[in-house]
S.K.: 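Before we start, here is the structure in question, set down as structure tokens.
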Amino acid sequence: MDFDIVYLADIRFPGGTSTALLYELRAAARAGLKAGLIPVASPILARSRPPNPKLLDEIRDTRTVIVPAQEIPRSRVAFAYHPTLLDPTLAKPPRFKADTFALVAHHPPLDRFGRPAYDAENLSRVAKDMFGHELSVLPVGPTVRKGFDSLGLSDLLHTSDWNNLIDVADFAGRREREISGPLAIGRHSRPGREKWPDPAVALQAYPDDERYQFRMLGVDPAYLKEFGDIPANWHVLPFSSQPVAGFLKGLDAYSYFHSPAWIEAFGYGVLEALATGLPAVLPHYFSGWFEEAALYSTPAEAPEHYDRLLKDKAFRTETSEKARRFASERYGLDLFAERFGELAGNVRNLHPAGPSVRRRAPEPPVVMAVTSNGIGLGHLTRQLAISRALGPGVKVVFFSLSEAVIVAQNMGYLVEFRPFHRRLACDVKDWNDFFYREMRDALAFYRPHLVSFDGNTPYAGLLDAVKDHGDAKAAWIRRGMWRSPDEAVSARGGSFDLVVEPGELAGVTDPGHARAGSDHFVKTDPVVLVDRLEAFSRATARRLLHLPQDVPLGLIQLGSERNFNMAFARRAVDAALSRNPDVHFVEIRSPISAPLPEEPHERLHRRTAYPLGLHLNAFDFAVTAAGYNSFHELLAASLPTVFVPNAAPEMDLQENRSFYAQKAGWSLHADAADPFRLEWCLEEILRADVREELRETCRRIPDLWNGAGQVASLFASIARLPAGFSESPVRRAV
Amino acid sequence: MAFPGNIKSRFLKPAVSAFSRMAGSGKEEALLLSKEARSNPVALVWALGIAEADRDEKLTGMKAHLEAFDTVVVVCDSNAFSSVLQMGFLAEAVPSRREQQIHLCDMPWQTYLTRRISRIRRCWAPDFEFTLGARPEDFIASCQSGKHWELSFGAAQENPAYLEDDAP
């Protein structure tokens, strides 16, 4: 694979580093340069932090290629996009060949008190030994340059700074208004303590004065506790609680002061304010790169600037126009092409051919799909949906505890089964030792790029094996709707590189227990195995299932009934059969259930069908439990349904799904312990007008069924899989 | 091994139990056996290289004899083993030769399966082994030897320090 630029970047940074990369990708695309990206995990971020969703969108929009792991890309320039990525502890340094290798230094090597922020002195050595290239350092501004100079590392520095860029078009210019009340002054940053002045200084810079109103985005509640009373004119908002451009547009001015321990390498937030056309009041050292575009002062003197801005409209207008013009001219995207040309032409590499790299075998990358379960299919079904979305460029190996794993083999996947302790009744610790050894050998044998686990509890044996192996990324598909919190389990999310919560149509009723004690996760749309367009026609589905063509057919799927009594639901079906001589029911049984000698009623048929979604057009209505997959597949297929939730204590909150769907008008809900309601629901669902109404309401559900594709995209981005990275964007990462 | 067809199953259980006790415990590493199961006879049935229908027929024929064992584990090279579970046995599975050939055919399956089968024996510590199709060693010999790759291990580290410019 050949590129103009390859970025080695951690796509999980939540703040300025990702913003800078986002704009560089956009600038490169506009300049006609082909960019590739190799995700590298910085050791300073928590392992489970998900990719930055805005950056993922930009990668997709600019058609930036995430370089598959088995490829060794060649490029004119390769950038390491944060100093901490040149990390000697990396288990697997990325391989690439570049004519020029440069580090974009987004952070000064020393803090205000001269303490090292990273190991600047060994950057060059690590670049040479582990990445196989000589290194040139591109400071993002004078602060970083001075830091390298002070360490005697000037010879590493490129002659020019590599300033951050911004697309001014992303920030609608503010309109000057007549100010009759207080001057609206804002600031925004991530909520790190270092971004805030000490309380006494904060009260100087942001005083309790009714002439000013301070709007602060990104305030950590812990910081506010340092104050006795919070000034009445402070309006504080959590980080990312509203879009930055909209927040800035509502301001009259901007003011940014921070902790004395902190040195700002650049200040993306400030640049965003300038791009909006906000007069900005800043500490003096910012003048080194924002020059005449801002106003400078000490915190104590800042109110003098506010006063003038409040009283002098002409000054306000002049400062505003200057700021926006400066942002565009000095840091606009148009500057990128020339700057890139200068770098690609000027920096010489002592080893232009790059390192000698032994090629991996050209086999497709492997994803190991690990699923829990004894007899159920829920976890397995979601993994199958994601595996299909990963596409043929990825080899998925199922390593499953499900006794129904044959369904994955039947869908064309390599399958390995291991028995689960619940059936064996063995000691759980012993079983974890067993599972550790099995996983360990399988990881060494298959050498997966990614281990994807779908289950409620990530087993100790699994976590230990993945940790010891070190090479594979790990993801946890963690279905929500937990019945109770279990922090010890949900906190195991910290052992994964990605925690995904598959979307729930009834998500607003989820108490969120799965998230307790878990910092990071990504929500997607609901994951369904079968796309509606793939389903067989009504006639074909009935023919394949050997069912009559011309009768009303109801689907029954009440689960194994081992842990929950569905007797009333069965009786309601029997009653419906007796009262409606033309109606047939079809009970869909597990693909691994034992064959039964005969059908219990001439109009009650028993069949197995997997994936059931392919056959749903065969049915006129359904009576089913409200497990994740059934619930979403039936609603996606707009099949009128009576949901009878399995409310056993070990199950997810099926009743929340079912009840919510009834309130939304998508389906009917019946409690399994309420025979009267069950009979009423059966009578209702047998009415054509009721079914049509339910079907119509379901059709109005927005098209939100691409969760599997979104998960596959996330997998591709963290594990460098060649799966198409073109799916629609995921919902907001948390 | 196999029992003679004419042996009475009612004599078999005490004999197997006595043999199991005489053979000593030796089951400390039998991770998949409960504490109670470790003191009772265990049989491992190798059902490799045999069609599922033949396997089930043979297992049905052996059922009376296998009832002499408290734990019976059937090791299949097929993932269609629900019938085995429905007979009341436990199941283990390894990829069949056909599956190996379809998927990742140039992998060193022989080494992998030698290790896997050795772990199966260790985890169940059987007192008796029965073979319905190919012997495990013959099954392994028939698998692809593949090529051997070097393995790399290492653990990631975390540093809570935070070094980033701002702007959400």
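Computed from heavy atoms alone, side chains included, the values below leave out hydrogens, waters and symmetry copies. Naming: A, B, ... by sequence-line order, numbering from 1 per chain.
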S.K.: Check this for me: A:Gln242, atom CD, are more than 12 non-hydrogen atoms of other residues, nucleotides or ligands nearer than 6.0 Å?
M.R.: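 Result for CD/A:Gln242: enclosed.
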S.K.: With rounding to the nearest 0.5 angstrom, report the CZ to CE distance, A:Arg447 to B:Met107.
M.R.: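 That separation rounds to 7.5 Å.
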S.K.: Can you give me the closest heavy-atom contact between A:Gly412 and B:His103, atom names plus distance?
M.R.: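 Minimum heavy-atom contact is O-CE1, 3.1 Å.
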S.K.: Measuring only between side-chain heavy atoms, which start at C-beta, is A:Tyr446 closer than 4.5 Å to B:Leu104?
M.R.: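 The answer is yes, as the side chains (C-beta and beyond) meet within the 4.5 Å cut-off.
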S.K.: Determine the option with the most heavy-atom pairs under 4.5 angstrom with chain B, choosing from A:Asp441, A:Val415, A:Val405, A:Leu443.
M.R.: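 Of the candidates given, the most pairs with chain B belong to A:Asp441.
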S.K.: Who wins among A:His421, A:His258, A:Lys395 for the most heavy-atom pairs under 4.5 Å with chain B?
M.R.: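 Heavy-atom pairs under 4.5 Å are most numerous for A:Lys395.
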S.K.: Count the heavy-atom pairs under 4.5 Å between each of A:Ala20, A:Pro419, A:Gly192 and chain B, then report the option with the highest count.
M.R.: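 The answer is A:Pro419.
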S.K.: Given that the side chain runs from C-beta out, which part of A:Ala408 has a heavy atom under 4.5 Å from chain B: side chain, backbone, both or neither?
M.R.: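 Answer is neither: A:Ala408 stays 4.5 Å or more from chain B.
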S.K.: Which one, B:Arg115, B:Gln100, B:Glu92, leads in non-hydrogen pairs under 4.5 Å with chain A?
M.R.: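 Counting heavy-atom pairs under 4.5 Å, the top option is B:Arg115.
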S.K.: Quick check for you: to the nearest 0.5 Å, what is the distance between B:Ser34 atom OG and A:Asp430 atom CG?
M.R.: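 These two atoms lie 10.0 Å from each other.
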S.K.: Quick one: of B:Lys35, B:Arg122, B:Arg116, B:Glu36, who has the most non-hydrogen atom pairs under 4.5 Å with chain A?
M.R.: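 Heavy-atom pair counts peak at B:Arg116.
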S.K.: Among B:Leu85, B:Val73, B:Thr71, B:Val94, which residue has the highest count of heavy-atom pairs closer than 4.5 Å to chain A?
M.R.: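 Highest number of pairs under 4.5 Å: B:Leu85.
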S.K.: Pick whichever of A:Leu424, A:Asp433, A:Asn410 has the most heavy-atom pairs under 4.5 Å with chain B.
M.R.: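 That would be A:Leu424.
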S.K.: Hey, does B:Leu32 have a side-chain heavy atom less than 4.5 Å from the side chain of A:Trp431?
M.R.: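 A:Trp431 reaches B:Leu32 side chain to side chain.
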S.K.: Nearest 0.5 angstrom please: B:Arg38 CZ to A:Asp427 CG, how far?
M.R.: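 Separation between the atoms: 7.5 Å.
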S.K.: Starting at CG of B:Leu31, measure out to CZ of A:Phe435 and round the result to the nearest 0.5 Å.
M.R.: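 Those atoms lie 13.5 Å apart.
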S.K.: Is B:Gln86 in contact with chain A via its backbone, its side chain, both, or neither, using a 4.5 Å heavy-atom distance?
M.R.: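 Just the side chain, heavy atoms under 4.5 Å.
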S.K.: Measure the acute angle between the ring planes of A:Phe417 and B:Phe81, then classify it against the limits of 30° and 60° as parallel, tilted or perpendicular.
M.R.: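 Rings of A:Phe417 and B:Phe81: tilted, 30 to 60°.
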S.K.: What closest approach, in Å, do B:Ala80 and A:Ile406 show between heavy atoms, and which atom pair accounts for it?
M.R.: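 Closest pair (atom of B:Ala80, atom of A:Ile406, distance): N-CD1, 3.8 Å.
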S.K.: Would you call B:Leu90 and A:Arg423 a side-chain contact if the rule is heavy atoms closer than 4.5 Å?
M.R.: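 Counting from C-beta outward, B:Leu90 and A:Arg423 do come under 4.5 Å.
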S.K.: Side-chain contact, heavy-atom cut-off 4.5 Å: A:Phe434 with B:Arg119?
M.R.: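 Sidechains of B:Arg119 and A:Phe434: no contact.
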S.K.: What is the minimum heavy-atom distance between A:Arg418 and B:Ala93, and which atoms define it?
M.R.: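 What the structure gives for the nearest pair is NH1-O, 4.1 Å.
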